Protein chains: 2
Amino acid sequence: MSNDIELDQCLRAVSNPVRREILSLLKHPNENFVPNDHLPNEEGICVASIILRMKLAQSTISKHLAILHGAKLLASKSVGQWTYFKRNEQAIRQFALLLKQEL
Amino acid sequence: MSNDIELDQCLRAVSNPVRREILSLLKHPNENFVPNDHLPNEEGICVASIILRMKLAQSTISKHLAILHGAKLLASKSVGQWTYFKRNEQAIRQFALLLKQEL
DNA sequence: TCGCCATATCGCGATCTAACGATTTATAGG
DNA sequence: CCTATAAATCGTTAGATCGCGATATGGCGA
């Protein structure tokens, strides 16, 4: 099913420290990001805000987000010209469980 | 502490499918490997037996084992000219827990 | 000591990854 | 329309990873 988690894809996503940092920051959006006019933080954080917290180029962060999204660990929502990302808690839990089984 | 698990090292070790396969095979040594004159299977499986079950060159498997060992997910014991590897269950549990926290 | 066997290590090419700046795409607002 | 802004995509470069065969190391038995 396309709703399912790919263990391999998740592991490759999560084996990079920058991507783990992004996942970690998004765990507490209100503490880690300034509030936003367009959306409440809980609904997602826009790419620009994430870039502000990291020391890497826009294109680099965009790529990292795409990989996390591809692994379904992040969900995205487009509002106008912004893209908001938030953690997909269900997928993350599913991944942790799957890994525990495989290990 | 040198007894501790490095999350990053574990994740890189485990993000490779060959290494996951090795960990998986070692989960049930008696089912996956023929018994050995030198050591009971539970005590560890020698490199040659592992190579027999995988389709990769000796040097390649040796490297994979070294990486798993470096991450402390495998323990090794030398007996004469053989090296026996077995899962380090405690480290594996610690790793799974650590990842769950970080995620 | 010599040669054999198990494993580790070396050196190499092929492929993958991460980073960057530049460019493209899409939306918003004047 | 035209311009500005947000984000994605492209092209390149440097470094990591994976696989292999060849070679080194180290223990065993004759």
Side-chain angles (χ1 to χ4, degrees), chain A residues 6 8-23 25-26 33-39 41 43-71 73-86, chain B residues 6 8-23 25-26 33-39 41 43-71 73-86:
Chain A
E6 283 285 341
D8 192 75
Q9 212 173 1
C10 287
L11 276 172
R12 282 212 233 115
V14 144
S15 71
N16 176 293
V18 171
R19 291 191 284 268
R20 287 201 300 281
E21 171 72 7
I22 292 174
L23 278 175
L25 284 173
L26 289 173
F33 302 95
V34 290
N36 185 299
D37 294 347
H38 314 285
L39 256 194
N41 275 345
E43 285 296 308
I45 301 295
C46 70
V47 179
S49 297
I50 297 171
I51 290 168
L52 281 177
R53 293 294 257 100
M54 315 286 296
K55 283 185 294 209
L56 295 169
Q58 179 264 324
S59 60
T60 305
I61 298 296
S62 181
K63 188 82 200 304
H64 282 308
L65 290 169
I67 288 170
L68 286 166
H69 186 241
L73 299 172
L74 291 186
S76 76
K77 170 198 280 201
S78 289
V79 177
Q81 54 196 319
W82 293 279
T83 309
Y84 293 85
F85 286 96
K86 68 173 175 180
Chain B
E6 283 285 341
D8 192 75
Q9 212 174 0
C10 287
L11 276 171
R12 281 210 235 116
V14 144
S15 71
N16 176 294
V18 172
R19 291 192 285 269
R20 286 200 301 281
E21 171 74 7
I22 292 173
L23 278 174
L25 284 174
L26 289 173
F33 303 94
V34 289
N36 185 297
D37 293 348
H38 314 286
L39 257 194
N41 275 344
E43 285 296 307
I45 302 295
C46 70
V47 178
S49 298
I50 297 171
I51 289 168
L52 281 178
R53 293 293 258 103
M54 316 285 298
K55 284 185 291 208
L56 295 169
Q58 178 265 325
S59 61
T60 305
I61 297 295
S62 181
K63 189 82 200 305
H64 281 307
L65 290 169
I67 288 171
L68 286 165
H69 186 240
L73 298 173
L74 291 185
S76 76
K77 168 198 280 202
S78 289
V79 177
Q81 53 196 320
W82 294 278
T83 310
Y84 293 85
F85 286 96
K86 66 173 175 181

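Owing to the predicted nature of the structure, the values given are computational and were not obtained by experimental measurement. Proteins get letters first, then strands, A, B, ... in listed order; numbering begins at 1 in each.
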- Query: Does D:dA16 have OP1 or OP2 sitting under 4.0 Å from an N or O in the side chain of B:Arg12?
  - Reply: no
- Note on the structure: When rounded to whole Å, the CD1 to C1' distance for the pair A:Ile67 and D:dA7 reads 16 Å
- So what does B:Thr83 hit on the nucleic acid, given a heavy-atom distance under 4.0 Å: a base, only sugar-phosphate, or nothing? sugar-phosphate
- Item | Short side-chain N/O contact from A:His64 to OP1 or OP2 of C:dA19, under 4.0 Å | yes
- Can you check whether A:Thr60 has a side-chain N or O nearer than 4.0 Å to OP1 or OP2 of C:dC20? yes
- Message: Quick check: on DNA chain C, is the nucleotide nearest A:Gly80 upstream (toward 5') of the one nearest A:Arg19, or the reverse? Name the residue that is more 5'.
- Response: A:Arg19
- Side-chain-base donor-acceptor pair under 3.5 Å for A:Gln58 and D:dA6: no
- Where the side chain of A:Cys46 is defined as all heavy atoms beyond and including C-beta, which of C:dA8, C:dA6, D:dA7 is the nearest nucleotide? D:dA7
- Message: When you measure from the side-chain N and O atoms of A:Asn16 to the phosphate of C:dA18, is any distance below 4.0 Å, counting only OP1 and OP2?
- Response: yes
- At under 4.0 Å between heavy atoms, what does A:Leu56 touch on the DNA or RNA strands: base, sugar-phosphate, or nothing? sugar-phosphate
- Task: When you get a sec, tell me which of D:dT5, D:dT17, C:dA8 is the closest nucleotide to the side chain of A:Gln81?
- Result: D:dT5
- Message: Within the 4.0 Å heavy-atom criterion, would you say A:Ser59 contacts the bases, only the backbone, or no part of the nucleic acid?
- Response: base
- Item | B:Lys63 NZ - C:dC12 P separation (whole Å) | 16 Å
